[in-house]
Amino acid sequence: MITQLTVNGIIAGCTYALVAMGFTIIYGTVRFFHFAHGAIVAVAAYTAWAFMAYLGMPFAMAAIISVVAAGGLGVLMDRFVYRPLRQRKSPSLILLLASFGMFLVVQNILQFVFGSDIKMLRGGAASEGHRLFGAVITSTQLWIVASSVILAVAALWFLRKTGFGKSIRAVADDQVAASLVGINSERTVSMAFFLGSALAGVAGILVALESNVYPAMGLNAVIKGIIAALIGGMGSIPGALLGGLLIGFAENVGVWGISSGWKDAISYAVLVAFLLFRPGGIFHTDLELRKV
Amino acid sequence: MIQRCWTHISEGSVTMLLKVNSLSAGYGHTEAVKDVTFNIDVGHITALIGPNGAGKSTLLKALSGTLESYGGTITRGDILLDEEPIAGLRADQLVAKGLTLVPDGRRLFTHMTVQENLEMGGFTVRDKELFGINFNRVLTLFPEIAPLRPRKAGSLSGGEQQMLAIGRALMINPKLLLIDEPSLGLAPRLLDNVFEKIANLRNEQIIGVVVVEQNVHEVLKIADSVVALKLGEAAYVGNAADLRNDDAKLKEVFL
């Protein structure tokens, strides 16, 4: 039983980690809570579902298209909502409110277009689960774990080694200094939104494969993602990964013997404990994307 | 030994590098710089001096394209770099034209290493060979930086940080370098050292330098020309030597 709960925790944790990584990259560059990140999770899931259901597209192709669409949607949100607000020097509270607004609008559009009933997204024929230390893990779940770890490593490599990644880190560290070495900060912010939103898109598809597609699916994803990013240490990619796994593990193993309705309460309890005793998170960042 | 890709001046002649024409700039309804006109020559160090609140920093921000980031705007006038209008361009666009600023407070990438800061300085230098030349030149000018390269920039002393900030700016091999208050937070002995480096820079390279400085006597030792601001207006534009030897005039300009 405990091993099965652990496996379930790791699976859930991986999807939280992907949302958290995207959230943390965006937060690091623009310094406000991009809550509409959750809407992008849902849009990616619906896009993949629609391409498969309406056009009969194979899963892999639908998944790739919806990840790119998720990235694009993030860039559009930044370009047409956040950037005008930034240029007016709006405080981050205003940006947060705008972000909430966008989250609700997108969620309602999804409900209007696709209805509020639950859709199923399936990547292939349902396969027999594999046995692992007494727990059952399906092939889909193995894919979820593998793609999360690979994407975490890839995101870290991108931020550390590529020119675009370095410019994101420089803008995160000091926007004025970045512009004085010749970095176009608006273009860099767009890049961060694309990268972060594409990660949210991957999370959306993985959540859809593991459970279902429904309009409000983004809410749980973004809240758990934010908690994971905070307890990992805001701005840290390895922190987001560990934070996601920790939350997934805590809420699945923590409900052992009690009702699974307590999952959210456990996540929040872990968050509160971190905020009280280690506010910088596991990697002890000062809420900035520097130690990626 | 020093290679420059845009050297266009002949030996001995003085060429105008930057022309500032009736420039006004400020924040909201407050005009911090009013109708200021002056020129900067190639190979000269220009000291931008004046009491607190005279508009020195605002002027430097306007010239470097960073004023918008601080919530300000250029309201009137033109700035010409090599006869090309540049007023209103963003800082990153000006870097491509060979102009950059060492901002006040230095603004290093504090969580990156010294090496990474220098590399970020040369971010726009795509040519590997040119990058190497610029890098070696910076380490020749600031040999003290070389052994510090693996350390985080935030862990350096004030003097070391100032040298790194200037070194980072030099990684683009600028034709015009603006430096805002290099003395801020520095011990007097280190200040001499930093100013000496700035003078060396001018002697070894054909570069224009503008230094904003509170420490007037120190900066006049190395400056070729002076622009003094008073309440946003130009109170003196001219030769540094004239002010250096004329305390009465300096007082009049400054008070």
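Fair warning: this is a prediction, and the values are worked out from it, not measured in the lab. Lettering follows sequence order; numbering is per chain, from 1.
- Shown here are the salt bridge (charged side-chain N to carboxylate O under 4.0 Å, His left out) partners of B/Glu144, two or more places apart in sequence or in another chain: B/Lys197.
- The line from OG1 of B/Thr110 to CG of A/Asp174 is 8.0 Å long, rounded to the nearest 0.5 Å.
- For residues 72-96 of chain A, the interface with chain B (any heavy-atom pair closer than 4.5 Å) comprises A/Lys89, sorted by residue number.
- The two residues A/Ala170 and B/Phe109 make their nearest non-hydrogen contact at O-CE2, 3.5 Å.
- Interatomic distance, A/Lys166 NZ to B/Met112 CE, rounded to the nearest 0.5 Å: 9.0 Å.
- The contact list for residues 176-193 of chain A toward chain B, using heavy atoms and a distance under 4.5 Å, reads A/Val176, A/Ala177, A/Ala178, A/Ser179, A/Leu180, A/Val181, A/Gly182, A/Ile183, A/Asn184 by residue number.
- Contacts between B/Arg168 and chain A at a heavy-atom distance below 4.5 Å involve the side chain alone, from C-beta outward.
- With a 4.5 Å cut-off on non-hydrogen atoms, B/Met171 does not touch chain A at all.
- A heavy-atom distance below 4.5 Å is found between the side chains of B/Glu116 and A/Arg169.
- Both the backbone and the side chain of B/Ser69 come within less than 4.5 Å of a heavy atom in chain A.
- Partners of B/Tyr27 under the ring-ring contact (aromatic ring centres under 6.0 Å, His included) rule, at least two apart in sequence or in another chain, do not exist in this structure.
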